[in-house]
Amino acid sequence: MRGLMSAKKLLLSTATGYNPIPQIVRNSLKRIQNRILQSAPPFLAKDPSVLSTNLIKSYCEKGLVKEARVLFDEMPKRDVVAWTAMITGYASCHHHIQGWAVFCDMLREEDRPNEFSLSSVLKACKGMKDLDCGRLVHCLAFKLGLEGSMYVENALMDLYATLDLSMDDACVIFCNMDKKNAVSWTTLIAGYTHRGDGYNGLALFRQMVVEEAELNPFSFSIAVRACASIGSHLCGQQMHAAATKYGFQFNLPVMNSILDMYCRCSCLFEASKCFHDMGEKDLITWNTIIAGFERTDARESLHIFSQMEPQGFSPNCFTFTSITAACGNLAILTCGQQVHGAIIRRGLEGNMALANAFIDMYAKCGSIRASRKIFNAMSHRDLLSWTSMMIGYGAHGHGREAVELFDEMVRSGIRPDRIVFMAVLSACSHAGLVEEGLRYFELMKRKYNVTPCQEIYGCVVDLLGRAGRVEEAYQLIEKMPFRPDESVWGALLGACRAHKLQKVGMSVARRVLDSRPSMVGTYVMLSNIYAADGIWGEFAEVRKMMRGIGSKKEAGRSWIEVKNQVFSFVVGDKMGPHIEQVYGVLDLLIQHMRESGYVPDSDAMIHEKDGTIKALCRFGHSTSKTSGAEYHKGMIFTSKRKRYAIGIYESGTPQS
DNA sequence: ATAGGGTTAG
């Protein structure tokens with residue numbers, strides 16, 4: 001069977017992944033298939049059933065499941081090995097339901113599954129996310145006396161750790177195993193880590209070390225991931241050292257995991273060093289560092305991206321998702337549009353994560369219509385699609401649309417989570433929809449059983465405060481089941497300032513400062529309250545106190561993209577290469593504001609006495625938290641004729 | 001001849 005050997009070589013030599021299968025490979029496989037089926041047994045060195053099974057496996061490894069199935073159906077007799085190869089083939093190509101169906105056929109034809117078949121079909125159950133099917137297989141394992149096989153036990157553990165609500169079933173299997181191997185340990189550690197419990201994941205890894213179990217690259221990469229999930233760069237560094245000691249510093253998944261850990265722990269220097277020291281890199285390496293920098297330094301992530309293709313790496317969905325987010329956070333619309341073009345050219349626009357990123361990016365760049373267009377064109381939407389669209393509407397002041405979208409989402413059968421409620425409450429707050437907002441706050445607790453967190457309380461305080469219902473807002477804070485943080489008090493103080501409730505504001509600020517003197521934001525708010533009433537003596541006093549405690553609130557920096565160039569500035573900027581143009585645009589904005597009937601707020605005139613600075617203050621610098629990550633809100637101003645977007649960020653990196 | 005665990009976007 002020299003033909004089979006050469007075909008196998010050919011198969012191995014073709015690139016895996018999404019590349020199309022060369023016709024020569026298909027033809028070659030087909031020829032082998034014909035020879036096997038047509039030749040009489042004496043002419044074959046081996047049993048045709050064995051050769052067919054080999055071929056099924058080869059087909060599936062190349063993603064040619066349909067061809068494998070045709071061959072499988074043409075086989076005159078199918079033994080356990082052939083059945084198992086077909087189940088595995090389907091599962092490895094993500095056709096889990098078909099894999100399960102083949103298993104059912106196998107039982108119907110009264111072929112007895114072995115431990116190989118069971119562990120394969122359990123993988124299919126995991127892929128189908130069907131715990132009941134998995135439990136059925138577990139029962140069958142008992143009936144067949146295969147429940148003690150290590151492969152079956154490991155597969156069952158994986159199933160329960162991934163799909164069951166608690167880790168209990170997985171742990172029971174783990175504890176009752178006669179013998180454990182490296183896979184058993186890794187499976188359980190991964191179970192904990194993937195559900196966000198890095199502490200137990202790491203604890204288990206420590207136990208693994210204590211019990212002198214075999215440590216391999218698999219256990220290291222997941223243990224490093226556990227360090228990242230608890231945000232401990234100290235544990236991560238120890239793991240890095242240990243991995244080097246074990247000689248895994250050239251293992252790509254291990255190094256990618258370490259790189260990711262440094263990024264997630266905000267150790268960007270170590271991350272860069274790690275990236276540059278890696279002799280061999282793959283696409284995941286690039287995606288990891290690009291995503292890592294996107295979270296903290298979007299400009300740098302774009303810079304790294306630009307080096308990727310010259311070094312021979314082609315970006316994929318993961319890359320583009322990070323790059324799109326970077327464009328959104330920098331509010332550089334033209335760049336975002338170029339990325340959009342690139343993904344359409346590559347035919348990747350059907351990717352849901354990517355579409356979600358575009359909704360977010362266009363909204364942050366001031367193009368809410370483009371966001372909606374993408375949202376409407378999506379064939380499937382997940383929670384994130386709806387949330388991104390609602391946050392976009394909220395930031396643009398379109399509260400009604402956000403509320404309508406929420407109801408539509410619920411009707412489509414998606415259960416809202418805490419973040420969605422934050423999006424809706426914040427949208428209501430900015431659009432002045434107080435009663436609607438309060439209704440959702442109640443609905444959240446009563447109907448959806450979502451417990452409000454700091455940010456949610458912050459939203460509701462803001463909602464009431466903006467509407468002038470400061471007393472109610474204060475009472476809500478008093479009733480909170482935990483200690484209010486800066487965002488909650490900040491919302492209340494903002495309301496005091498906006499409604500010129502100087503006395504209330506002062507007493508609140510003093511109270512906060514007594515218990516938390518380190519909250520710099522409170523000083524700023526207090527000084528603004530004084531400024532609003534023109535009490536300049538007190539204003540100066542508070543500012544002096546701020547300097548006294550030695551901490552400084554970083555000045556918010558704004559930027560705007562005009563004709564492919566980014567101009568940036570801070571409040572009161574007098575220098576900078578293009579500062580005159582910046583003020584020119586600002587004057588234009590104020591003019592549009594006046595034309596649209598918006599009266600500039602004279603309170604904000606703190607540092608200077610001319611209108612331009614006043615407007616700068618009104619454009620404010622705010623960030624809000626969504627899903628744990630800092631979310632940079634773009635300030636969007638729309639008039640009949642033009643739309644402007646100004647991106648806002650809080651670090652001090654100079655841009656222009 | 002058939003089986004298992006790890007790394008990247010939101």
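The chains referred to below are lettered A, B, ... by the order of the sequence lines, with proteins before strands, and numbering in each begins at 1. None of these values were measured; they are calculated from a predicted model.
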Contact list please: residues 351-358 of chain A against DNA chain B, heavy atoms, distance less than 4.0 Å, in numerical order.
A:Asn351, A:Ala353

So A:Trp386 and A:Phe375, would you call those rings parallel, tilted or perpendicular, with 30° and 60° as cut-offs?
perpendicular

Ignoring hydrogens and angles, state whether a donor on the side chain of A:Asn256 or A:Thr285 is under 3.5 Å from an acceptor on the partner side chain.
yes

Would you say A:Met177 and A:Met157 make side-chain contact, with heavy atoms under 4.5 Å?
yes

Quick one: are the ring centres of A:Tyr362 and A:His340 less than 6.0 Å apart?
yes

Report yes or no: is the cationic atom of A:Lys281 (NZ for Lys, CZ for Arg) under 6.0 Å from the centre of the six-membered ring of A:Phe313, at an angle within 45° of the ring normal?
no

According to the interplanar angle, ranging from 0 to 90°, do the rings of A:Phe248 and A:Phe220 count as parallel (below 30°), tilted (30 to 60°) or perpendicular (above 60°)?
perpendicular

Please check if any side-chain donor atom of A:Gln311 sits under 3.5 Å from a side-chain acceptor atom of A:Gln307, or the reverse.
no

Look at all strands and tell whether A:Asp382 reaches a base, only sugar-phosphate, or nothing, counting heavy atoms closer than 4.0 Å.
nothing

List the residues meeting side-chain contact (heavy atoms from CB on, under 4.5 Å) with A:Cys133, not counting sequence neighbours, and say none if there are none.
A:Trp100, A:Cys125, A:Met128, A:Asp130

Within residues 219-233 of chain A, those residues having any heavy atom closer than 4.0 Å to DNA chain B are A:Ser221, A:Ile222, A:Arg225

If we ignore angles and hydrogens, is there a donor and acceptor under 3.5 Å between the side chains of A:Arg69 and A:Tyr59?
no

Closest non-hydrogen contact found for A:Met106 with A:Ile87 is SD-CD1, 4.3 Å

Side-chain donor/acceptor pairs under 3.5 Å, residues 111-122 of chain A, sequence neighbours excluded:
unit_1: A:Asp111; atom_1: OD2; unit_2: A:Trp83; atom_2: NE1; d: 2.6
unit_1: A:Arg112; atom_1: NH2; unit_2: A:Leu144; atom_2: O; d: 3.3
unit_1: A:Asn114; atom_1: OD1; unit_2: A:Phe116; atom_2: N; d: 3.0
unit_1: A:Asn114; atom_1: OD1; unit_2: A:Ser117; atom_2: N; d: 2.9
unit_1: A:Asn114; atom_1: OD1; unit_2: A:Ser117; atom_2: OG; d: 2.8
unit_1: A:Glu115; atom_1: OE1; unit_2: A:Ser149; atom_2: OG; d: 2.6
unit_1: A:Ser117; atom_1: OG; unit_2: A:Thr84; atom_2: OG1; d: 3.1
unit_1: A:Ser117; atom_1: OG; unit_2: A:Asn114; atom_2: N; d: 3.0
unit_1: A:Ser117; atom_1: OG; unit_2: A:Asn114; atom_2: O; d: 3.4
unit_1: A:Ser119; atom_1: OG; unit_2: A:Phe116; atom_2: O; d: 3.2
unit_1: A:Ser120; atom_1: OG; unit_2: A:Thr88; atom_2: OG1; d: 2.9
unit_1: A:Ser120; atom_1: OG; unit_2: A:Phe116; atom_2: O; d: 3.2

Boundaries of the chain A footprint along DNA chain B (any atom under 4.0 Å from a heavy atom):
B:dA1 to B:dG10

Mind checking the CD1-CE spacing from A:Ile289 to A:Met308? Nearest 0.5 Å is all I need.
12.0 Å

Residues of residues 110-122 of chain A with a heavy atom under 4.0 Å from any atom of DNA chain B, listed by number, are A:Asn114, A:Phe116, A:Ser119, A:Ser120

